[in-house]
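Sequence positions, counted from 1, serve as the residue numbers for this chain.
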Amino acid sequence: MSKKKKEYSTRLSSQYNVWRGLFQNLVCKFGYMIRFKLVYRLEVQGLENVPKDNEYIICPNHLSTLDPPLVVSVMPRHVAFMAKKELFDIPFLRWWIDWLGAFAVNRESLGPSTVKTVKIIKDSKWVLGMFPQGTRGVPGEIRGVTKGFAGLAKLTKCAILPVGILGTNEVKRWPFTGKIVVKIGKPIPYSNNPEETMQKWIDAIEELTGFKYISDEETKEIGAENE
């Protein structure tokens, strides 16, 4: 099992090939897009803010399991998302997300293999996608933000592309019953100060979504009050 985890955390540039790109297009830009358009009446704003090169990391807020295929569907380039390593322990899901370009990471510690894979993705002309919140949040709030994404931006000299997602948390099945809005903000240049980059991302997501950032300290205070 440890060997598999290592393989899924370290990628070769040859793995981001035409076949993975084709599979991602078929699943997301065709399959999921039909659902997004037909059921969720997808609206995308700010595509003009997406850089023409691949010198950026896509960083959306996170509400639902629909978020990764949604981002892939609307972006002009292929996107390789980070996925928590535990997902690669599930046989079919492992195959599915592997072919969609995802790679395994330890959310507690982004090790050397993660940095190496991110640089390989950059060289392959794909772009990296990651959720600074790490886990799914709730509408109206931005919690659990860690600065790992800002550190990767610094190491790879990539800008951060903030993406605000609204509406994916609402499970809809009937045509035109849902509404998803994707708002793409202006790129945030990488900085040698990850704390500054993280704050700029938080500010951008607050503006794009209307959600309110709640720090870890505020979360602990709220939890103590509810005990």
Side-chain angles (χ1 to χ4, degrees), residues 5 8-11 15-16 20 24 28 49-51 53-88 97-98 100-137 142-165 168 182-191 194-205 208-209 211 213:
K5 287 181 181 178
Y8 287 114
S9 64
T10 303
R11 293 292 191 182
Q15 291 178 288
Y16 290 102
R20 259 191 182 80
Q24 190 178 81
C28 298
N49 292 325
V50 179
D53 56 28
N54 71 328
E55 306 283 313
Y56 61 96
I57 300 172
I58 302 170
C59 294
N61 62 302
H62 198 10
L63 295 174
S64 161
T65 55
L66 287 177
D67 296 340
L70 173 66
V71 171
V72 172
S73 298
V74 303
M75 287 294 163
R77 287 182 179 267
H78 294 301
V79 184
F81 266 100
M82 288 184 176
K84 60 181 181 180
K85 62 180 183 178
E86 291 81 5
L87 294 179
F88 288 85
I97 61 178
D98 170 37
L100 286 174
F103 63 100
V105 295
N106 181 346
R107 292 185 299 177
E108 303 299 323
S109 175
L110 300 180
S113 63
T114 301
V115 176
K116 181 179 179 181
T117 298
V118 170
K119 290 180 178 178
I120 286 171
I121 291 169
K122 184 179 176 182
D123 291 340
S124 73
K125 305 306 179 184
W126 286 45
V127 293
L128 172 67
M130 62 184 298
F131 296 103
Q133 290 173 264
T135 58
R136 283 170 280 171
I142 306 167
R143 295 179 186 248
V145 180
T146 60
K147 61 183 178 181
F149 73 102
L152 282 176
K154 174 185 174 181
L155 289 171
T156 58
K157 294 180 170 54
C158 282
I160 296 294
L161 186 67
V163 178
I165 298 175
T168 54
V182 177
K183 298 181 180 181
I184 304 169
K186 294 183 179 180
I188 301 167
Y190 76 88
S191 167
E195 293 281 355
E196 179 184 1
T197 302
M198 182 176 76
Q199 186 58 55
K200 287 182 178 180
W201 179 84
I202 291 170
D203 293 342
I205 296 299
L208 292 168
T209 63
F211 293 178
Y213 173 63

One should read off an interatomic distance between Phe149 CZ and Ile160 CD1, to the nearest 0.5 angstrom, of 5.5 Å
Using atom types as modelled and distance alone, determine if a side-chain donor or acceptor of Arg11 lies under 3.5 Å from a backbone N or O of Val118.
no
Arg20 side-chain N/O to Gln15 backbone N/O, donor-acceptor pair under 3.5 Å
yes
From Ile120 atom CD1 to Phe103 atom CZ, the distance as rounded to the nearest 0.5 Å:
10.0 Å
Set out, in order, the CA-CA distance, both residues' side-chain angles and the distance that settles side-chain contact (heavy atoms from CB on, under 4.5 Å) for Ile205 and Phe211, then state yes or no.
CA-CA 7 Å; Ile205 296 299; Phe211 293 178; 5.6 Å; no
Applying side-chain contact (heavy atoms from CB on, under 4.5 Å), run through Val71 and Ile165 and close with a yes or a no.
CA-CA 9 Å; Val71 171; Ile165 298 175; 4.0 Å; yes
With the side chain counted from C-beta on, respond yes when Ile97 and Leu87 share a heavy-atom pair under 4.5 Å apart, and no when they do not.
yes
Met198 side, atom CE; Cys59 side, atom SG - distance, nearest 0.5 Å
12.5 Å
Suppose the criterion is side-chain hydrogen bond (donor to acceptor under 3.5 Å, both in side chains): which pairs have a residue in residues 120-129, not counting sequence neighbours?
Glu55-Lys122
Can you find a heavy atom in the side chain of Ile142 that is under 4.5 Å from one in the side chain of Asn61?
no
For the CG atom of Asn54 and the CD1 atom of Ile121, what is their distance to the nearest 0.5 Å?
10.5 Å
How many angstroms lie between atom CG of Asp67 and atom OG1 of Thr168, to the nearest 0.5 angstrom?
3.5 Å
Check: Val163 and Met75 side chains under 4.5 Å, non-hydrogen atoms
yes
For residues His62 and Gln133, is any side-chain donor paired with an opposing acceptor at under 3.5 Å?
no
Is there a side-chain contact between Leu208 and Pro162 in this structure, where contact means two heavy atoms from C-beta onward sitting under 4.5 Å apart?
yes
Evaluate the side-chain proximity of Val127 to Tyr56: yes if any heavy-atom separation is below 4.5 Å, no if none is.
yes
Does this structure show an ion pair linking Arg77 with Asp53, if we count only N-O contacts that are shorter than 4.0 Å?
no
Contact check, side chains of Ile58 and Val50, non-hydrogen atoms, under 4.5 Å:
no
Using atom types as modelled and distance alone, determine if a side-chain donor or acceptor of Thr197 lies under 3.5 Å from a backbone N or O of Tyr190.
no
Rounded to the nearest 0.5 Å, how far apart are CD1 of Ile57 and OG1 of Thr156?
4.5 Å
Does some side-chain heavy atom of Phe81 sit less than 4.5 Å from a side-chain heavy atom of Val72?
yes
